[in-house]
Protein chains: 2
Amino acid sequence: MKESLSTIAERLGVSVTTVSRVLSGNAGKYRISKATEARIRAEADRCNYAPSLVAQSLRSRQTKTIGLLTPSLANPYFAEMSSFIISEVHRRGFTTIVIDTMENEINFNEGLTKLVARQVDGIIAVPCGQDHTIVEGVNSNFVPVVLVDRYYENFPIPYVTTNNYKGGYDATRLLIDAGHKSIACIQGVRTSAPNNERVRGYRDAIEEAGLKEFEFVAGNEFSIQNGYLETKLLLSRHLKPTAIFALSNNISLGVIKATREAGLRIPEDLSLLSFDNYTYMDYMEPPLTRVGQPVEDMAILATKILFDRIEGIAPGASQLRLSPTIIQGASVSRII
Amino acid sequence: MKESLSTIAERLGVSVTTVSRVLSGNAGKYRISKATEARIRAEADRCNYAPSLVAQSLRSRQTKTIGLLTPSLANPYFAEMSSFIISEVHRRGFTTIVIDTMENEINFNEGLTKLVARQVDGIIAVPCGQDHTIVEGVNSNFVPVVLVDRYYENFPIPYVTTNNYKGGYDATRLLIDAGHKSIACIQGVRTSAPNNERVRGYRDAIEEAGLKEFEFVAGNEFSIQNGYLETKLLLSRHLKPTAIFALSNNISLGVIKATREAGLRIPEDLSLLSFDNYTYMDYMEPPLTRVGQPVEDMAILATKILFDRIEGIAPGASQLRLSPTIIQGASVSRII
DNA sequence: TAATTTTGCACAATCGTTTGAGCGTTTTTT
DNA sequence: AAAAAACGCTCAAACGATTGTGCAAAATTA
């Protein structure tokens, strides 16, 4: 059923070598006669021959495959990012193995070793957890790794991320400029570098405005539930905030859910500023004002850096922070 | 850097065969002494040996990989579906190569042949276009294929899809029962079987209710733009519909956009019923009433059928339609 | 002690491709 | 006509793992 060089060679009474040379376009280089070349090409076409990438990989020690470790395709932010990465990888004639780590450090590390065993030529990863020894081992001993979104500070693995500090700072400034004083921040995973940068931006903006007494950071997960529960708590406090800065798309959904249950309206009773951008946010009630990350640029750059490394080109600056963009919605009210 | 059976064998002064037998757990079966076994295991641990899946694949003619052809990871419906499929595949110890076809028939066919060249053990695909000769060739000659969501009628490729007819019918009935008479339907790709089943359900419900004079189907793409443009046209007609049945999530977004631009409110001025379910729809203005497809069940079943075929177990019924569920939102008003 | 069985491991082929080296035969050069 | 060059192709090893067969040496039996 499956054709190989040898089946063709046998049928034509030539050697496997000759067939290989013809079909890999090296007929001239190795002085195969036009006649033989034509015969081989014809037969290959006839039987629809396609070389086994597995055999080629074994021989060339290149699988033309890259691995993508993403925390959750169900999250539109990572789904979009994956979509861009897959298409960039495809553009270069490679294929992508996708592993969904479900935000789990064990899955992440297992996925990593699995990719190494599969001899992928490179890995793009959104890491989970704090322990970076395995990733670093892989990156320096086996396969080039590039991180996206999340990263490890002061470690030599290249990464591309948003300037999360700027995102946190700008967003908070926007709220402050709108007159808000009591701005609560609901954060995600506390060990995640992007999260902490966003929080740092938030804190700096708050302090700079002399609002330190109102500074308030809660939460510990990038989930709807976390946003929901923390908002429940916030709204039960004696002094309710006038604005919430939610550090992810999912957290914002939780905030909205809790706000609705409390019978409060956004932005009249409570302002909301979200991290992450997504088409649907324009269609929400109200459309969310948000900090959009440059997902496509990050995906393109990460892929480019990875391929530069695969091809042995040392990339210049390989730890990059791209600026986020604030997208105006209607979820922030002006306070006089 | 990379360890292999032979590097270990050489260091220990034993044969590659012996190392292989020990590490694949066949030491007993081939009478390798406990002492040798221990030495080999120790050394394998020490140097962190992991077998090359490429070499194993070549030898065993099994790559333990399945291919997933999806139209667009940027669409949450397919992203969720992919997420479930990837996780089901992972559960079985396989990995998934994802190809984003971008709703393009050429990309789809290229992806298909690429997967075959990579010797994947099976393929799960959401097909694009009408020409199914290539898919059928692959399915019957090389690799088992299972289709999800879209399918080809009267052809022997297994598929799992929503009972789209029921979805179209039930949704339309819901609108009719709410008192609507003039219900317009904005459809997606006209050559897609699910689309046509939805339309058929719509038409049947309309006719059954004696509303044939109001029957109206427009559109030709599962995109925001299509929903937007068709709604623009609809709203400019002399007789505006009182309800729109949008046959996909993206089409609905377009409908909302056009409706807003026209200064009309949903559901007060126009009712909207959407196909597809997504978390964000609960947070929209208004929350959408919609026909949710059993995405997770479809993913699980498709994967199961594929693995049954891979393992040579003939699946019983392999062309399945799962019932959709109507999810109540607030985008449909009652007309008296 | 000789014959038999068991033990412990190695040889070599195989999967499908690539590639440096080599070897007859024909053609060209001197 | 002899030497050199060009031509057209094949051999065999290698990538890393698996597996049926086989062969000594040791242990057991007769």
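Chain identifiers are assigned alphabetically (A, B, ...) following the order of the sequence lines, protein sequences preceding nucleic acid strands; residue numbering begins at 1 within each chain.
Contacts of B:G13 with the nucleic acid, taken as non-hydrogen atoms under 4.0 Å apart, involve only primed sugar atoms and P, OP1 or OP2. Here A:S60 lies out of heavy-atom contact (under 4.0 Å) with every strand.
Remark on DNA chain C: of its neighbouring residues B:Q119 and B:E37, the 5'-side contact belongs to B:E37, judged by nearest-heavy-atom nucleotide. Nearer to the 5' terminus of DNA chain D, by closest-nucleotide assignment, is the contact made by A:V16 (compared with the other of A:R59 and A:V16).
With rounding to whole Å, B:L53 atom CG is found 15 Å from C:dC15 atom C1'. The distance between atom CZ of B:R31 and atom P of D:dA25, rounded to the nearest whole Å, is 16 Å. The distance between atom CZ of B:R118 and atom C1' of C:dC15, rounded to the nearest whole Å, is 18 Å. The distance between atom CD1 of B:I32 and atom C1' of D:dT18, rounded to the nearest whole Å, is 13 Å. Across the protein-nucleic acid pair, B:L12 atom CG and C:dC9 atom C1' stand 13 Å apart, rounded to whole Å. What separates NZ of A:K64 from P of D:dC15 is a distance of 21 Å, to the nearest Å. Residue B:L58 contributes atom CG, which lies 11 Å from atom C1' of D:dT18 at whole-angstrom precision. Computed from coordinates, the A:Q62 CD to D:dA14 P distance equals 22 Å when rounded to whole Å.
At least one side-chain nitrogen or oxygen of A:S20 sits closer than 4.0 Å to the OP1 or OP2 atom of C:dT18. Side-chain nitrogen and oxygen atoms of B:S57 include none within less than 4.0 Å of the OP1 or OP2 phosphate oxygen of D:dA17. Contact annotation: A:Q56 side-chain N/O to C:dG16 OP1/OP2 distance is not under 4.0 Å. Contact between the side-chain N/O atoms of B:Y30 and the OP1/OP2 oxygens of D:dG20 is found at a separation under 4.0 Å. Taking side-chain N and O atoms only, B:T18 has a distance below 4.0 Å to OP1 or OP2 of C:dA10. Of the side-chain N and O atoms in A:S15, one or more sit less than 4.0 angstrom from OP1 or OP2 of D:dT10.
Considering only side-chain atoms of A:V14, the nucleotide from D:dT18, D:dT10, C:dG8 that sits closest is D:dT10.
Side-chain atoms of B:T17 come within donor-acceptor range of the base of D:dT19, with a qualifying N/O pair under 3.5 Å. Checked by distance alone, B:R21 brings a side-chain donor or acceptor within 3.5 Å of a matching partner on the base of D:dG20. Below the 3.5 angstrom threshold, one finds no donor paired with an acceptor across the side chain of A:R39 and the base of D:dG8. Judged by distance alone with a 3.5 Å cut-off, no donor-acceptor contact links the side chain of A:S33 to the base of D:dC7. Scanning atom types as modelled, no donor and acceptor separated by under 3.5 angstrom connect the side chain of B:S24 and the base of D:dT18.
Between A:D45 and A:R41 there is no salt bridge, since none of the side-chain N atoms of the basic residue sits less than 4.0 Å from a carboxylate O of the acidic one. A salt bridge does not link A:R92 with A:E311: every distance from a Lys NZ or Arg NE/NH1/NH2 to an Asp or Glu carboxylate oxygen is 4.0 Å or more. For the pair A:K114 and A:E110, the salt-bridge criterion is not met [side-chain N within less than 4.0 Å of a carboxylate O]. We find that B:R150 and B:E103 are joined by a salt bridge, their nearest charged nitrogen and carboxylate oxygen being less than 4.0 Å apart.
In this structure, a donor-acceptor pair under 3.5 Å is present between the side chains of A:S83 and B:D100. Donor-acceptor pairing under 3.5 Å is recorded for the side chains of A:R118 and B:T95.
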